[in-house]
Amino acid sequence: MLDVRRFRNEFDQVKEGLSNRGVTQEEIEKLTQLDQRRREWISETEQLKNRRNVVSQEIATKKRNGEETNSLIEEMKEVSNKIKQLDDQLRELESEFERHLLSIPNVPHSSVPVGLSEEDNVEIRTWSEPRTFDFEPLPHWEIADKLDILDFEAAAKVTGSRFVFYKGLGARLERALINFMMDLHVDEHGYEEMLPPLIVNRDSMIGTGQLPKFEDDVFKIEDSDYFLVPTAEVPVTNYHREQILSADDLPKKYAAYSACFRSEAGSAGRDTRGLIRHHQFNKVELVYLTKPEHSYELLEELTSHAEKVLQLLGLPYRVMSLCSGDLGFSAAKTYDIEVWLPSSGTYREISSCSNFEDFQARRSMLRFRREPKAKPEFVHTLNGSGLAVGRTVAAILENYQNEDGSVSIPEVLQPYMRVDKIAKS
RNA sequence: GGAGAGGUGGCCGAGUGGUUGAAGGCACUGGUCUUGAAAACCAGAGAAGGGGCGACUCUUCCGUGGGUUCGAAUCCCACCCUCUCUGCCA
């Protein structure tokens with residue numbers, strides 16, 4: 001959530017940042033108006049309430065002394081009615097104000113490239129060279145079909161499109177990757193492991209910014225106010241919601257594996273084949289809660305931890321800095337890590353690492369104290385995929401495929417897989 | 001799902017519709033005392049929002065949301081959560 005005070009005090013800067021990512025002039029003006037009216041009405045009702053408190057005190061004293069209080073009570077009836085009226089108006093205004101505020105995206109960090117779309121994202125670095133094949137590399141769904149390790153048709157029958165059954169060594173590969181990634185982050189990178197609920201309530205979804213604006217993108221459980229998690233970011237970040245942490249607790253670093261559920265409304269026809277875009281997929285997520293002054297340096301650290309997974313797996317990738325127009329709603333800055341997919345000859349997103357600054361913390365009242373008696377301040381939250389598991393399987397199948405249709409297993413995974421190759425049985 | 005009990009400050013725990021932001025205790029901070037510490041004594045200390053350059057000041061907050069009342073932690077209604085018993089069940 002946007003800081004209204006920052007909005008007032010650094011109006012020009014905030015306005016520019018927001019319009020760089022597509023917030024309209026009207027939306028900004030509306031917020032200014034609502035904020036002004038809101039503050040006027042607050043001081044009006046508060047004056048009346050002060051009057052009510054003072055006179056109530058007086059009535060109590062007079063009653064105790066046996067004095068007459070009828071005229072005061074009469075006056076207070078009127079004041080009370082007035083308060084009720086104004087309070088009702090104010091409540092309506094405040095909920096409109098909040099609704100509006102919740103629908104305004106985060107302000108991009110000054111280092112974010114200005115641009116309108118994906119086209120304007122900036123490449124930061126690449127790692128390793130795409131392998132050259134002396135045969136025509138197949139897309140992962142064809143490789144998997146020949147090896148009988150993924151079954152999309154059965155999933156379509158049992159559930160619907162954009163689902164999959166993993167089978168045999170395919171299922172083991174998915175599981176091996178989850179364990180490999182979790183072990184790496186916990187043992188080498190110092191994260192605390194967490195296994196969160198896969199269903200969360202509305203407040204949690206508001207806290208991390210999925211709601212109220214993007215209800216169409218998530219699965220809601222009928223006859224309830226529960227949602228399937230679109231990412232472990234939601235339960236894990238909300239774990240500390242409405243808490244005041246002490247400075248010694250920071251930074252908090254959590255690694256969480258979860259299944260993720262997304263409705264993929266609006267992406268009909270895109271990536272219909274293979275593992276790239278599913279309604280349900282597995283992901284290992286890294287989540288940070290930090291002091292504000294460390295968040296940007298930790299964004300680099302977080303990104304490097306995600307990169308490390310790809311390096312150990314030997315998968316070529318590049319790191320992109322998303323431009324203002326391509327940033328997610330809650331993010332102030334995002335690096336996308338894109339892995340090389342030989343069959344299409346392109347890089348595809350496999351991790352997205354973002355700094356949300358205090359945007360999520362403000363929505364979810366997630367604070368810390370520098371000193372035992374200091375005023376609470378909002379923490380900064382960050383998260384990134386470390387990595388999306390299904391897409392990693394796709395990348396391994398494609399990058400490690402052999403001419404005979406088999407797929408070699410990257411060395412670091414062999415202890416988890418207990419084989420060095422998936423071949424046709 | 002059913003029955004009962006309960007939700008008050010960092011924690012424990014009082015609370016009769018009218019100086020209760022809230023007794024008391026623990027923990028915490030500062031001071032006195034002490035060579036130092038402990039004990040004892042004294043004092044201080046919550047959050048959000050509004051106004052003011054500031055000292056400061058006002059409003060709200062006793063699970064959440066409504067209601068009754070001149071006035072609600074206290075009365076009424078709904079909901080949420082926790083605990084105990086119970087039903088079904090991986």
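Letters A, B, ... are given to chains in the order of the sequence lines, protein chains preceding strands, and every chain is numbered from 1.
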- [ ] Count the heavy atoms belonging to other residues, nucleotides or ligands that lie under 6.0 Å from CD of E78(A), then report whether that count exceeds 12.
- [x] no

TODO: Compute the ring centroids of H294(A) and Y288(A), then answer whether they are less than 6.0 Å apart.
DONE: no

Open item on the list: Measuring only the P atom in each nucleotide, how far is G6(B) from C76(B)? A whole number of Å is fine.
Closed with: 13 Å

Open item on the list: Say we look at G63(B) and C80(B): how far apart would their C1' atoms be, to the nearest angstrom?
Closed with: 8 Å

TODO: Sticking with atom C1', work out how far A37(B) lies from C53(B), rounded to a whole angstrom.
DONE: 46 Å

TODO: Ignoring the backbone of S56(A), work out which of A47(B), G50(B), G18(B) is nearest its side chain.
DONE: G18(B)

Task: Nearest-nucleotide pick for P376(A), side chain only, options being G50(B), A48(B), C70(B) - done: A48(B)

Task: Pairing partner (Watson-Crick or G-U wobble, both distances under 3.5 angstrom) of C61(B) - done: G46(B)

- [ ] Classify the ring geometry between H305(A) and H189(A) as parallel (under 30°), tilted (30 to 60°) or perpendicular (over 60°).
- [x] parallel

Task: Identity of whatever pairs with C89(B) - Watson-Crick or G-U, under 3.5 angstrom - done: none

Open item on the list: I want to verify a distance call: between A47(B), G49(B), C70(B), whose nearest atom is closest to the I73(A) side chain?
Closed with: C70(B)

- [ ] Provide the distance between the two C1' atoms, one in A5(B) and one in U68(B), to the nearest whole Å.
- [x] 27 Å

Open item on the list: Using the side-chain heavy atoms of R52(A), tell me which of these nucleotides is nearest: G50(B), G66(B), U60(B).
Closed with: U60(B)

Task: Side chain of N53(A) (C-beta onward), nearest among G49(B), A48(B), U59(B) - done: U59(B)

Task: Base G49(B) paired with E46(A) side chain (donor-acceptor, <3.5 Å) - done: yes

Open item on the list: With a 4.0 Å limit, can you tell me whether R202(A) has a side-chain N or O closer than that to the phosphate oxygens OP1/OP2 of C80(B)?
Closed with: no

- [ ] Consider the side chain of K49(A), meaning its heavy atoms from C-beta on, and name the nucleotide among U60(B), G18(B), G50(B) that approaches it most closely.
- [x] U60(B)

Task: Evaluation steps, side-chain contact (heavy atoms from CB on, under 4.5 Å), between K252(A) and F368(A) - done: CA-CA 12 Å; K252(A) 288 265 184 205; F368(A) 78 103; over 6 Å; no

Task: Out of C70(B), A47(B), C58(B), whichever nucleotide has its closest atom nearest the side chain of N50(A) - done: C58(B)

TODO: Using a cut-off of strictly less than 4.0 Å, decide whether R367(A) has a side-chain nitrogen or oxygen near OP1 or OP2 of A48(B).
DONE: yes

Task: Options U19(B), A48(B), G46(B), nucleotide nearest the side-chain atoms of Q57(A) - done: U19(B)

Open item on the list: What's the gap between G21(B) and G87(B) when it is taken at their C1' atoms, as a whole Å value?
Closed with: 45 Å

Task: Salt bridge K253(A)-E301(A), side-chain N to carboxylate O under 4.0 Å - done: yes

Open item on the list: Would you measure the distance from the C1' atom in A45(B) across to the matching atom in G9(B) and give it in whole Å?
Closed with: 11 Å

- [ ] Could you give the distance separating U29(B) and U35(B) at their P atoms, to the nearest angstrom?
- [x] 23 Å

Task: Pairwise C1' distance for U69(B) and U86(B), with rounding to whole Å - done: 42 Å

